[in-house]
Amino acid sequence: MSLGRHSVTVTDPVGTDPLRCDEFGYGLGRLDGVLVLKYRSAAVLEFAESRQDFLHQLYWSPDGMLATRHGARTQFVGHREAFWAHRAVTHEVRAADRQTVYRICLREVPPALAGLRAGAVSVGREAARLIEAIARPGLDEAEGLAARDVIMAGLGTSTAEFVGHHATGTGFAMTVARALSHDPGDAARLEEWAERLHVSVKTLQRDFEREFGMPYSRVRTKLRLSTSRVLLETQPVAEVARRVGYSSPSAFISAFTKEYGCTPGRYAAT
């Protein structure tokens, strides 16, 4: 496919084929063009270690966690964020089973991401809505390019931008949620987070209820278990349990079974 002067091959995912992969392009051949690939997976969806020399890429999933790697750094990205990879930067992305992943290919760098080689970026509410909108049939080119401009403007790298995009309360809960999504194994208790943020435990607890409709412990559990599904097809249960913060495999198995109605052994690497 072509996006500008170059004929570009976008590296395909490896492993089990996705259930579907739909392609949507607007302004292809122009500097301000955008190509969107929408994947729906039946099993683990892995974009193996690759480097794209002509296009910048943004990976986003609205319904699960992404496990990403750039160099020696592994980072987990939730649905309020995406993973950005500047062109010519080697990276790897993995999603769990029954998950939707959008891969947005660009020739221009969004203003807020200038200087970022690869990493998690915040996706504003309107930007997230428009990513889904431009990956549906029936949108004309002018509408697609206008949506692309809003998406570009709705990305950010800092915690302040993340909170600004998503918080309706004080922003303390969102700050914690971003940290937990990147490292679900963090064992810090609510009291420790309150101390780090220089607020009272009650203030932080109220903010979690306001932002997520559930307490801190439940938010952390959901992040841990969502992340575990991405890891289980490549790592044994005991290692996944440790990595997402459970003190024992049995505690992890119990929580996983309660959440998903099946044991993690269904997904685990052998």
Side-chain angles (χ1 to χ4, degrees), residues 60-68 74-83 95-100 120-125 127-129 156 158-232 237-264 266-267:
W60 177 68
S61 176
D63 52 12
M65 300 290 286
L66 299 176
T68 71
T74 298
Q75 190 173 41
F76 301 100
V77 178
H79 70 278
R80 289 180 170 87
E81 294 186 296
F83 179 75
D97 66 318
R98 295 186 296 278
Q99 193 168 333
T100 302
V121 300
S122 179
V123 179
R125 286 189 179 89
R129 185 187 71 79
S158 70
T159 297
E161 287 166 323
F162 177 85
V163 171
H165 285 153
H166 305 295
T168 58
T170 62
F172 296 127
M174 280 293 171
T175 298
V176 175
R178 187 185 202 200
L180 287 176
S181 69
H182 294 175
D183 181 15
D186 192 320
R189 295 174 292 109
L190 186 70
E191 293 79 5
E192 294 174 78
W193 283 111
E195 185 176 350
R196 294 178 195 178
L197 294 169
H198 307 291
V199 298
S200 71
V201 174
K202 285 186 177 181
T203 295
L204 185 54
Q205 194 157 13
R206 281 196 299 267
D207 208 35
F208 266 96
E209 294 287 353
R210 182 186 298 112
E211 296 285 3
F212 299 99
M214 63 186 79
Y216 163 75
S217 59
R218 180 64 181 145
V219 172
R220 184 175 65 177
T221 295
K222 288 178 75 68
L223 281 169
R224 286 178 169 181
L225 295 177
S226 181
T227 303
S228 75
R229 291 180 57 212
V230 187
L231 299 174
L232 278 166
V237 169
E239 173 59 20
V240 173
R242 182 198 66 78
R243 190 155 183 192
V244 299
Y246 283 89
S247 58
S248 68
S250 61
F252 168 61
I253 292 169
S254 176
F256 190 98
T257 304
K258 182 179 179 181
E259 184 76 12
Y260 297 120
C262 63
T263 67
R266 171 180 167 183
Y267 302 90

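Phe83 meets the ring-ring contact (aromatic ring centres under 6.0 Å, His included) test with no other residue; sequence neighbours excluded. Remark: Arg125 pairs with no residue by the salt bridge (Lys or Arg N to Asp or Glu O under 4.0 Å) rule, at least two apart or across chains. Residues meeting the side-chain contact (heavy atoms from CB on, under 4.5 Å) test with Thr74, sequence neighbours left out: Arg69, Phe76, Arg243. Taking the side chain to side chain donor-acceptor pair (under 3.5 Å) definition, one finds that Thr170 meets it with Asp207, sequence neighbours left out. Under the rule for a ring-ring contact (aromatic ring centres under 6.0 Å, His included), the partners of Phe256 that lie at least two apart in sequence or sit in another chain are Phe252, Tyr260, Tyr267. For Arg229, the side chain to side chain donor-acceptor pair (under 3.5 Å) partners two or more places apart in sequence, or in a different chain, are Asp97. For the ring-ring contact (aromatic ring centres under 6.0 Å, His included) test, no residue two or more places apart in sequence or in another chain qualifies with His165. Qualifying side chain to side chain donor-acceptor pair (under 3.5 Å) partners for Arg196, counting only residues two or more places apart in sequence or in other chains: none. The side chain to side chain donor-acceptor pair (under 3.5 Å) test applied to Ser200 returns Thr203, not counting sequence neighbours.
Distance alone, capped at 3.5 Å, is enough to place a donor-acceptor pair between the Thr175 side chain and the Gly171 backbone. Here the side chain of Gln99 pairs a donor or acceptor atom with the backbone of Met65 at under 3.5 angstrom. With hydrogens and angles ignored, the 3.5 Å screen pairs a side-chain donor or acceptor of Thr227 with a backbone N or O of Leu223. Distance alone, capped at 3.5 Å, places no donor-acceptor pair between the Glu259 side chain and the Leu225 backbone. With hydrogens and angles disregarded, a donor-acceptor distance shorter than 3.5 Å links the side chain of Thr68 to the backbone of Gln75. Between the His166 side chain and the Val123 main chain, a donor and an acceptor come within less than 3.5 Å of each other.
The nearest pair of heavy atoms linking Thr168 to Glu211 is N-OE2, 2.9 Å. Closest non-hydrogen pair, Ala241 versus Pro249, comes out as CB-CA, 4.0 Å.
Proximity of Leu66 to Val230: side-chain heavy atoms (C-beta onward) are nowhere separated by under 4.5 Å. Within the 4.5 Å cutoff, side-chain heavy atoms of Phe212 are placed close to those of Met174. The closest side-chain heavy-atom distance from Val237 to Thr263 is not below 4.5 Å. Proximity of Ile253 to Pro264: side-chain heavy atoms (C-beta onward) are separated by under 4.5 Å at one or more points. Counting only heavy atoms from C-beta outward, the side chains of Tyr216 and Val201 never approach each other to under 4.5 Å. Here the side chains of His79 and Ser61 are not in contact, with every heavy-atom distance at 4.5 Å or above.
Residue pairs meeting the salt bridge (charged side-chain N to carboxylate O under 4.0 Å, His left out) criterion with at least one member in residues 167-176, sequence neighbours excluded, do not occur. Screening residues 159-184 for salt bridge (charged side-chain N to carboxylate O under 4.0 Å, His left out) gives Glu81-Arg178 as the qualifying pairs, with residues at least two apart or on separate chains. Within the structure, the salt bridge (charged side-chain N to carboxylate O under 4.0 Å, His left out) test picks out no pair touching residues 167-176 (sequence neighbours left out).
Geometrically, Arg224 engages Tyr246 in a cation-pi contact defined by less than 6.0 Å to the ring centre and at most 45° from the axis.
Using a 4.0 Å cut-off between charged side-chain N and carboxylate O, Glu209 and Arg206 make no salt bridge.
The number of heavy atoms from other shown groups lying within 6.0 Å of CD (Glu192) is above 12.
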Exercise for the section: Tell me, with the steps shown, if Val176 and Leu197 meet side-chain contact (heavy atoms from CB on, under 4.5 Å). Expected result: CA-CA 9 Å; Val176 175; Leu197 294 169; 3.7 Å; yes
Problem - Working for salt bridge (Lys or Arg N to Asp or Glu O under 4.0 Å), residues Arg242 and Glu239 - result: CA-CA 5 Å; Arg242 182 198 66 78; Glu239 173 59 20; 2.6 Å; yes
